[in-house]
Amino acid sequence: MSNITNADLHCHSKVSDGTLEPEALAQRAQANGVELWALTDHDEIGGQQRALDAALALGMPYLTGCEISVSFAGKVVHIVGLGFDHTDPGMLAGLQATRGGRAERAREMAAGLARVGIQGAYEGALQYVSNPDLISRTHFARWLVDAGHCGDVPEVFRRFLTEGKPGYVEHKWARLGDAVRWIKEASGVAVIAHPARYGFTPTVEYALITEFIAHGGRGIEVVTGSHTAADAVRYTDTAEEFGLLASRGSDFHSPTESHTDLGKLDMLPGRLTPVWTALEERIHRP
Ligand code: AMP
Ligand code: MN
Ligand code: MN
Ligand code: MN
């Protein structure tokens, strides 16, 4: 049995929409007392080997990770994969397909912003992108702030980048069943990320969880930087009700933007089964 409590199994590097390199994140996690770490870039596992090497060099156990964008019931749902084989061809192909279309979507986003008088957003956002395959709303948000259009990143999302707003573009992401299958077939465990963020009705949330389980999904995030304390209580009950493994992660993106730092969040309630107990043999140990 593992005696890990401070696991942080959700964060982002420059390989997707974070601002730090995988090595700097590993250092920060270790300095903050993280006992088991996973880097979970959006739709991309190009940073996994670097994160793994950096973690092991620091004496910190590591699980591979990824956060996959999925379309479900007209919204974007995020599925975190943990402990998979990061060289698995099916996983690599699935993620590459998921990333495809981001460039075109970004051009449409810029066209939407141009219609409300904001010129040059595509070129602007590109200046913030490290991985050309992964231009994200976050990169637009950073440019819009630095170019003086908004005061901060949350304001950009409220005014421009969420459903119904000028820079929002409907996009078709992966299917729930496919994302879960890629993770499973690569020997990993699939986890529903930050369930409180979707704003689903109880009926749609029930459909998400039961379909996820039917496809072989096994976990749900309970304690995350994207949840309030009340959300954590609520999803503790959900995890118990559905027999799901519980995950914990900061969703850290950046020292200046993220309010929850790596490893600095509440512990999982003791009555839940942590997802990492099901991943013992998938943990890379120093
Ligand atoms: P994308 O994958 O391009 O749709 O971008 C989604 C990313 O935008 C998320 O992973 C978050 O990092 C960020 N994001 C989404 N909603 C918000 C929000 N309301 N405030 C700040 N960042 C957000
Ligand atoms: Mn993000
Ligand atoms: Mn997410
Ligand atoms: Mn995330």
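Basis for what follows: all heavy atoms, side chains included, without hydrogens, waters or symmetry-related copies. Counting convention: from 1, in listed order, for ligands and their atoms alike. Small disclaimer: the values here were computed from a predicted structure and weren't measured.
Ring pair His42/His253 is tilted by interplanar angle, where 30° to 60° counts as tilted.
His12 lies apart from the Mn ion (ligand 2) in this respect, since none of its N, O or S atoms is found at a distance under 2.8 Å. Among the backbone and side-chain atoms of His78, an N/O/S atom is found under 2.8 Å from the Mn ion (ligand 3). For residue His42, no N/O/S atom approaches the Mn ion (ligand 3) to within less than 2.8 Å. Inclusion of Asp251 in the first shell of the Mn ion (ligand 3) is not supported: no N, O or S atom falls under 2.8 Å.
A salt bridge links Asp237 with Arg271: at least one charged nitrogen is closer than 4.0 Å to a carboxylate oxygen. A salt bridge links Arg28 with Asp261: at least one charged nitrogen is closer than 4.0 Å to a carboxylate oxygen. Salt bridge Arg99/Asp133: present, at least one basic N to carboxylate O contact under 4.0 Å. Checked for salt-bridge contact, Lys75 and Glu163 miss the test: no charged N lies under 4.0 Å from a carboxylate O. Electrostatic pairing of Arg282 and Asp85 does not count as a salt bridge here, judged by no charged N lying under 4.0 Å from a carboxylate O. A salt bridge is absent between Arg115 and Glu108; no separation between the charged side-chain nitrogens and carboxylate oxygens falls under 4.0 Å.
No option in Asn6, Asp266, Asp8 other than Asn6 meets the side chain to side chain donor-acceptor pair (under 3.5 Å) test with Arg248.
In the vicinity of Arg102, heavy-atom distances shorter than 4.0 Å reach the ligand 1 atoms 1 (P), 2 (O), 3 (O). Close approach of ligand 1 to Ser136 is summarised as follows: ligand atoms under 4.0 Å from at least one heavy atom of the residue are 3 (O), 5 (O). Per-residue contacts place Thr138 under 4.0 angstrom from the following atoms of ligand 1 (heavy atoms of the residue considered): 7 (C), 8 (O), 12 (O), 13 (C).
For the pair Ser69 and ligand 1, the shortest N or O to N or O distance does not fall below 3.5 Å. Where the criterion is an N or O separation shorter than 3.5 Å, residue side chain and backbone included, Trp173 fails it with respect to ligand 1.
Residue Glu67 places no heavy atom under 4.0 Å from ligand 1.
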Practice task
Show your working on salt bridge (charged side-chain N to carboxylate O under 4.0 Å, His left out) between Asp17 and Arg142 and close with a plain yes or no.
Solution key: CA-CA 10 Å; Asp17 63 347; Arg142 292 186 184 133; 5.8 Å; no
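Contacts with ligand 1 closer than 4.0 Å are made by side-chain heavy atoms of His42 only, the backbone lying farther away. With a 4.0 Å heavy-atom cut-off, ligand 1 is reached by no atom of Val76.
Nearest protein heavy-atom neighbour of atom 18 (C) of ligand 1: Phe157 CG, 3.4 Å. Summary of contacts: the protein heavy atom closest to atom 6 (C) of ligand 1 is Arg137 NH2, 3.7 Å. Atom 1 (P) of ligand 1 has Arg105 NH2, 3.6 Å as its closest protein atom, hydrogens excluded (heavy atom only).
Atom OD2 is the N/O/S atom of Asp17 found closest to the Mn ion (ligand 2). In His194, the N, O or S atom that comes nearest to the Mn ion (ligand 3) is NE2. Of all the N, O or S atoms in Glu67, the one closest to the Mn ion (ligand 3) is OE2.
Between the side chain of His194 and the backbone N or O of His227, no donor-acceptor pair lies under 3.5 Å.
Taking the side chain as every heavy atom from C-beta outward, Tyr198 and Val204 never approach each other to under 4.5 Å.
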